[in-house]
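Only heavy atoms go into these numbers, but all of them, side chains included; no hydrogens, no water, no symmetry mates.
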Number of protein chains: 2
Amino acid sequence: MNGPAQTENHLTRNQSLVLDALSKSGGPLSAYSILDQLRDHGFRAPLQVYRALDKLLEFGMVHRLESLNAFVACRHPSCDDHETIAFTICDRCGQVAEISDDTVAARLQSLATDAGFALKSSTVELRGTCRKCQPSSCKMVQ
Amino acid sequence: MNGPAQTENHLTRNQSLVLDALSKSGGPLSAYSILDQLRDHGFRAPLQVYRALDKLLEFGMVHRLESLNAFVACRHPSCDDHETIAFTICDRCGQVAEISDDTVAARLQSLATDAGFALKSSTVELRGTCRKCQPSSCKMVQ
DNA sequence: TTGCACATGTTATACCATTACACAATGACA
DNA sequence: TGTCATTGTGTAATGGTATAACATGTGCAA
Ligand SMILES: [Zn+2]
Ligand SMILES: [Zn+2]
Ligand SMILES: [Zn+2]
Ligand SMILES: [Zn+2]
């Protein structure tokens with residue numbers, strides 16, 4: 001038998017600290033922001049954060065936002081199927097929301113297949129302004 | 001009247017050099033790779049590259065790949081409608097291809113609208129292996 | 001015990017991008 | 001023609017992101 005292959009059932013201390021920091025923040029954080037928040041808990045070097053993030057990403061408990069160089073804790077209702085996920089990122093308040101949509105997923109898979117491309121993962125990040133940050137010229141509808 | 005607003009019809013020397021470097025490369029290049037290639041032409045600092053890239057991005061002649069921190073020259077047949085573009089990025093050979101698909105674009109727009117999100121731009125990057133890099137266990141079909 | 005897999009700690013380094021300031025080229029306009 | 005605003009350029013310094021390399025510790029199993 002191999003060593004105690006780690007699963008999401010048991011996070012190490014560092015992994016838990018990083019995940020907590022992300023969860024409490026409620027929004028995306030850069031690895032260095034996480035590091036700063038965890039200095040009181042003994043973190044000293046970026047690698048401590050990046051190693052924990054690597055595992056959390058592997059477990060699907062954290063997502064990486066490529067266009068922000070930042071990370072968010074997963075808030076997806078059912079954290080099972082993370083094949084294709086889209087994110088909305090508000091340019092004004094920084095709020096990030098997750099969207100899972102089978103139509104987009106299927107269409108992207110189809111496009112890839114048609115191009116002879118073996119799809120392994122997809123990054124979909126939508127930039128714009130969230131509902132709360134709209135200029136909202138019409139205030140009638142809250 | 002305002003100053004001589006630059007258009008894609010006339011690129012400056014630096015912009016042309018950067019675009020040529022990207023076009024000749026045939027694949028994605030980082031800003032620092034471009035810098036290294038252009039040292040013989042007088043480039044000395046990253047900012048010379050980034051400033052040229054900013055304009056080329058604005059003109060739609062270059063795309064930025066968020067998941068690679070790299071840039072590619074646009075090879076899209078009709079360089080007019082770059083609203084929504086997807087890229088396939090081969091993890092083995094690094095080849096990048098552009099895909100434009102109205103179905104995905106419309107669906108993403110629809111998803112955003114449903115969420116009360118004012119979509120401004122979208123990033124879609126597909127990772128996997130291109131046709132040439134497939135393990136291709138079955139050689140029957142070329 | 002020994003060996004292995006895995007997590008961790010630490011330092012240094014590489015890579016990516018922007019700020020700040022100075023200067024040059026261009027065209028608009030009085 | 002001279003002045004002005006705009007835009008492009010050059011350079012140095014800095015900030016932000018991510019990894020390489022090496023050493024150490026810990027728990028489990030042969
Ligand atoms: Zn999620
Ligand atoms: Zn917002
Ligand atoms: Zn293009
Ligand atoms: Zn390939």
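- Shown here are the ring pair (Phe, Tyr, Trp, His ring centres under 6.0 Å) partners of F87(B), two or more places apart in sequence or in another chain: H63(B).
- H41(B) places its NE2 atom 13 Å from the P atom of dG10(D), with the value rounded to the nearest Å.
- By the side-chain contact (heavy atoms from CB on, under 4.5 Å) test, S33(A) is found to be paired with L29(A), S30(A), residues two or more places apart in sequence or in another chain being considered.
- Regarding Q15(B), its CD atom lies at a distance of 11 Å from the C1' atom of dT7(D), rounded to whole Å.
- Within the structure, every side-chain polar atom (N or O) of Q48(B) is placed at least 4.0 Å from both OP1 and OP2 of dT9(D).
- Each of A45(A) and A52(A) was assigned the nucleotide of DNA chain C with the nearest heavy atom; the assignment lying further toward the 5' end belongs to A52(A).
- One can place CG of N14(A) at 19 Å from P of dT24(D), the figure rounded to the nearest angstrom.
- When rounded to the nearest whole Å, the span between CG of L68(B) and C1' of dC15(C) equals 14 Å.
- Distance, R13(B) CZ to dT26(C) P: 14 Å, rounded to whole Å.
- A salt bridge is absent between R127(A) and E125(A); no separation between the charged side-chain nitrogens and carboxylate oxygens falls under 4.0 Å.
- Straight-line distance from the CG atom of L35(B) to the C1' atom of dC16(C): 12 Å, rounded to whole Å.
- Here dT10(C) presents its C1' atom at 14 Å from CZ of F43(A), a figure rounded to the nearest Å.
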Distance-only donor-acceptor pairs under 3.5 Å for side chains of residues 37-53 of chain A, two or more places apart:
unit_1 : atom_1 : unit_2 : atom_2 : d
R39(A) : NE     : D36(A) : OD1    : 3.4
Q48(A) : OE1    : R44(A) : N      : 2.6
Q48(A) : OE1    : A45(A) : N      : 2.8

Given protein heavy atoms under 4.0 Å, the one-letter contact record of nucleotides 17-24 of chain C, with B base, S sugar-phosphate only and - none, is simply BBBB----
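- Applying the side-chain contact (heavy atoms from CB on, under 4.5 Å) rule to A70(B) yields the partners P28(B), L68(B); only residues at least two apart in sequence or on another chain are considered.
- Spacing between atom CD1 of I34(A) and atom P of dA18(D) amounts to 10 Å, rounded to whole angstrom units.
- With sequence neighbours excluded, the residues forming a side-chain contact (heavy atoms from CB on, under 4.5 Å) with S23(B) are L19(B), A73(B), listed by chain and number.
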